[in-house]
There are 2 protein chains.
Amino acid sequence: MNSQKYSIGQLAKASGCKVETVHYYEKIGLMPEPSRTVGGHRVYALSHIKRLNFIRRSRDLGFKIEQIKDLLKFIDEPDHYCGEVKAMAMQQARVVQEKIDDLQRLQLALNEMVNQCKGSNYSIDDCPIVDALFTNKS
Amino acid sequence: MNSQKYSIGQLAKASGCKVETVHYYEKIGLMPEPSRTVGGHRVYALSHIKRLNFIRRSRDLGFKIEQIKDLLKFIDEPDHYCGEVKAMAMQQARVVQEKIDDLQRLQLALNEMVNQCKGSNYSIDDCPIVDALFTNKS
DNA sequence: CCTTGAACCTATAGTTACTACAGGTTCTAT
DNA sequence: ATAGAACCTGTAGTAACTATAGGTTCAAGG
């Protein structure tokens with residue numbers, strides 16, 4: 001059986017985050033309080049590495065901490081079903097699509113401004129970008 | 001001439017932000033300290049409305065407060081040129097494009113996960129979404 | 001003129017998801 | 001035994017606001 005032990009530094013490295021972040025996840029209850037050495041250093045097992053990877057991957061996908069708590073609840077508690085997880089993933093996909101749409105609108109506006117502008121050494125008083133920023137949205 | 005005066009509430013309403021936000025902008029030096037009534041209430045002129053609109057529009061376009069400070073410096077100080085503003089706008093367009101690219105990658109990953117998942121009442125132990133989240137990136 | 005209630009004032013704490021210290025202790029390798 | 005890396009706790013800082021508390025001023029109606 002695998003009963004390999006890991007220090008917090010090894011755990012952090014394995015999951016690509018900082019030691020302080022692990023402390024933080026423990027404080028907010030995402031990571032459990034692990035056992036300790038006699039001197040007080042945290043000691044982790046492989047399951048902790050998996051759990052931290054789950055958290056980091058979820059964060060990378062844009063899930064918020066509170067959502068990850070929910071996801072972990074599904075996993076930690078018995079009697080939960082795949083459908084609940086799928087629903088959260090779909091909701092997240094919708095949120096991400098909205099962000100993309102927003103940013104694309106924004107990109108359009110920026111590019112329009114930039115294309116209007118001759119740039120170089122014109123006085124700022126004639127800058128169409130400054131103009132656009134000063135003008136009210138209709 | 002236009003010497004209309006505005007309260008902070010009118011200013012905020014005209015620019016679509018909250019009174020507290022105006023306080024905040026004043027505290028961090030984005031908005032100037034305006035004159036006051038005898039009783040201590042802030043009194044604004046039209047130029048303040050324009051400036052606050054500039055700030056809000058820039059924020060909407062994703063500029064950070066520090067960048068807006070730079071933009072306002074260009075405008076407030078003499079001897080600045082349109083090219084400086086254009087360069088910042090172009091830089092901002094690049095940053096936005098990167099964010100869009102990131103989110104689209106993320107969207108792809110989420111949709112793949114969701115499509116793999118049959119959902120409904122399957123046990124969470126067989127959920128391909130949970131699986132994907134537990135698996136290390138290659 | 002007086003009152004009432006909306007709008008204003010200042011100052012401080014809370015939000016999100018960490019990151020960065022400071023000042024001390026433990027572990028590991030030589 | 002000792003040096004130095006890694007660890008410990010606790011607190012403060014980040015960005016850009018938002019929210020609250022507890023008090024004052026303003027404008028309108030009677």
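In what follows, chains carry the letters A, B, and so on, assigned in the order in which the sequence lines appear, proteins first and then strands, with residues in each chain numbered from 1.
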Checklist outcome for this item: NE2 (A/His23) and CZ (A/Arg42) are apart, to the nearest 0.5 Å, by 4.0 Å
Checklist entry - Do the side chain of B/Gln67 and the main chain of B/Met88 share a donor and acceptor less than 3.5 angstrom apart? => result no
Checklist entry - Step by step, would you call B/Tyr44 with B/Leu52 a side-chain contact (heavy atoms from CB on, under 4.5 Å)? => result CA-CA 11 Å; B/Tyr44 295 97; B/Leu52 186 52; over 6 Å; no
Next on the checklist: If the threshold is 4.0 Å, N to carboxylate O, is there a salt bridge linking A/Asp102 and A/Arg105?
Outcome noted: yes
Next on the checklist: I want to confirm an ordering. Mapping B/Ile8 and A/Lys18 to their closest nucleotides on DNA chain C, which one lands closer to the 5' end?
Outcome noted: B/Ile8
Next on the checklist: Determine whether a donor-acceptor pair (N or O, by modelled atom type, separation under 3.5 Å) exists between the side chain of A/Gln116 and the backbone of A/Met113.
Outcome noted: no
Checklist entry - Mind checking which nucleotides bracket the chain B contacts on DNA chain C, 5' to 3', with an atom under 4.0 Å from a heavy atom? => result C/dC8 to C/dT10
Next on the checklist: Heavy atoms only, 4.0 Å cut-off, all strands: where does B/Tyr25 land among base, sugar-phosphate and nothing?
Outcome noted: sugar-phosphate
Item to check | Heavy-atom neighbours of B/Lys69 NZ exceed 12 at 6.0 Å | outcome: yes
Item to check | Leading and trailing nucleotides of DNA chain D with any atom under 4.0 Å from heavy atoms of chain B | outcome: D/dA16 to D/dC26
Checklist entry - Is a side-chain donor-acceptor pair under 3.5 Å present for A/Gln97 with A/Arg94? => result no
Next on the checklist: If you define the side chain from C-beta out and look only at heavy atoms, does anything of B/Leu110 sit under 4.5 Å from A/Phe63?
Outcome noted: yes
Next on the checklist: Both A/Thr37 and A/Thr21 contact DNA chain C. Which one's nearest nucleotide lies toward the 5' end?
Outcome noted: A/Thr21
Checklist outcome for this item: Per nearest nucleotide of DNA chain D, the residue lying toward the 5' end, A/His41 or B/Ile65, is A/His41
